[in-house]
Amino acid sequence: MIVTNKKTYSSGITITRSDPREHRGVFTIGPITIPKGFASSSFTHTTNSTGSVTLPGHNFITGDVFDLYWSGGHRATVTAGVVSGDVVPIVSTPDDLASAGSNLPVNGTAVVASKQVAISALGYYLGHSAVQLLAMQFTGVSGLCYLTPLQNPDFADAPILFTGDELKVYDIELGDSNPFADLITISEGTTFNGIRLSNGSTTDDATFRLIGSANL
Amino acid sequence: MSASAIVTRHISIPGMALTDANSISAASSKRLTVRLPRGFLATLTTRTNDHAGVCVLEDGHDITISSVVDLYSSAGVCLVKNCTVSAVAGDLVTFAGTAVGSGMPNTPGLAFTCSAQVSSDLAIPDTSVIHAVGYSANSVGALPDAASGAAACVTFRDVGNSLALTVQVAFQPVGFDNVSNIDAGDSSTVIDDIASTTIVVASNPLRTQKSIFQFGCLLA
């Protein structure tokens, strides 16, 4: 299969780098729609990893896993306690993980709570050393993406933060690091990879696409 | 006068393509398009050392005394750079260059390519901040074999003609990376050296066809 990685500079003249490769396997994910999050009307900081958030009009239920966004920070993979009306307690966060992000902000901070969308990436082995090229495109305001074994979310890798419409390209064959490489030892053979995504916007849904190629 | 550039990326496989376009603004831009004449067939008659000797050029060559030439293997790989021609007697040419490149093989009768350097003005102040840069070399006609490693030698020179940087620009479709959006975090091998450039010299590694060298950058 031919994979093309092309880059063009255009300013009076046009210079194009076109770099076609032939890899044995290719895979795609998406387009995936990531629903918009909910804006807080109040936020209470209890500890750096627990608190509560009031979310008018939300659709959260007890036990949901979601991400929090605020100006200058984010906290990934927090769990909803017993939901009561608009109040969603934050009862646990994986504060022992790189994926957690920042400590929860101070009382009264405006936050956005966004439920995670879990995508099965069964058999993709995104972190495998045979992967040659990965490209991920996020269309939206902001978002978090991270790979995790579906059966054990506590092993979530450090999230990839998207800010605005963004295309991230990892040309591993030419020396870039595979952002999912850390997970291969726990994802290969014991369980399968999944991708979790959330959307930091309160007004618009976001979209995610992934292209990859490998010489498996 | 302000300037802008657009750097686009396009990743595709059968069934899906991801594309983005980043617009970059800066105070000014520089651009250059240089046509490089084909090189001439040369046959080594005397090898003085790694980077000097005597050769016979094909009939019709236009190399003269004091010409500055680069020498390439028949596949287009640089052997010796920046050779000054010290004597021309018909087709017999004496050259001495700098120890850049793989060196002249000790092979009597070796066939190689002798290409005159083409010099172009490119005034870039030494205080410039580079925002984006692109450069390429393309043959006018069929591309060389992808595995040949054919690459044009390009030298950026400072005031006084001192060497700033020499890069070898691979011909497509050989893998190379010569479009860099510095503002977006890309790195480029040339950005540290092109500030203060006054002259760019380039030569054609191919004797079967003309080539074109292009350079552009956005700077402040």
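Note that this is a predicted model, so its numbers are computed, not measured. To find a chain, count down the sequence lines: A is the first, B the second, and so on, and within it residues start at 1.
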Any side-chain heavy atom of B:Asp20 sitting closer than 4.5 Å to one from A:Asp165? no

Just verifying a value: how many Å separate [X] [atom1] and [Y] [atom2], rounded to the nearest 0.5 Å?
| X | Y | atom1 | atom2 | answer |
| --- | --- | --- | --- | --- |
| A:Ile13 | B:Ser136 | CD1 | OG | 7.5 Å |
| B:His10 | A:Thr16 | NE2 | OG1 | 11.5 Å |
| B:Ile11 | A:Leu167 | CD1 | CG | 6.0 Å |
| B:Asn22 | A:Lys7 | CG | NZ | 9.5 Å |
| A:Ile2 | B:Ile13 | CD1 | CD1 | 12.0 Å |

Which one wins on heavy-atom pair count under 4.5 Å against chain B: A:Gly212, A:Ser213, A:Ala135? A:Ala135

Minimum heavy-atom separation for [X] and [Y], please, with both atom names.
| X | Y | value |
| --- | --- | --- |
| A:Ile211 | B:Met16 | CD1-O, 3.4 Å |
| B:Arg9 | A:Val169 | NH1-CG2, 3.7 Å |
| B:Gln214 | A:Thr14 | OE1-O, 3.6 Å |

Does B:Asp121 have more than 12 heavy atoms from other residues, nucleotides or ligands lying within 6.0 Å of its CG? no

Chain A contact via [X] - which portion, at a heavy-atom distance below 4.5 Å:
| X | result |
| --- | --- |
| B:Thr8 | both |
| B:Thr19 | backbone |
| B:Ile24 | neither |
| B:Ala21 | neither |

Would the distance check show the side chain of A:Tyr9 and the main-chain N or O of B:Asn178 forming a donor-acceptor pair, the cut-off being under 3.5 Å? no

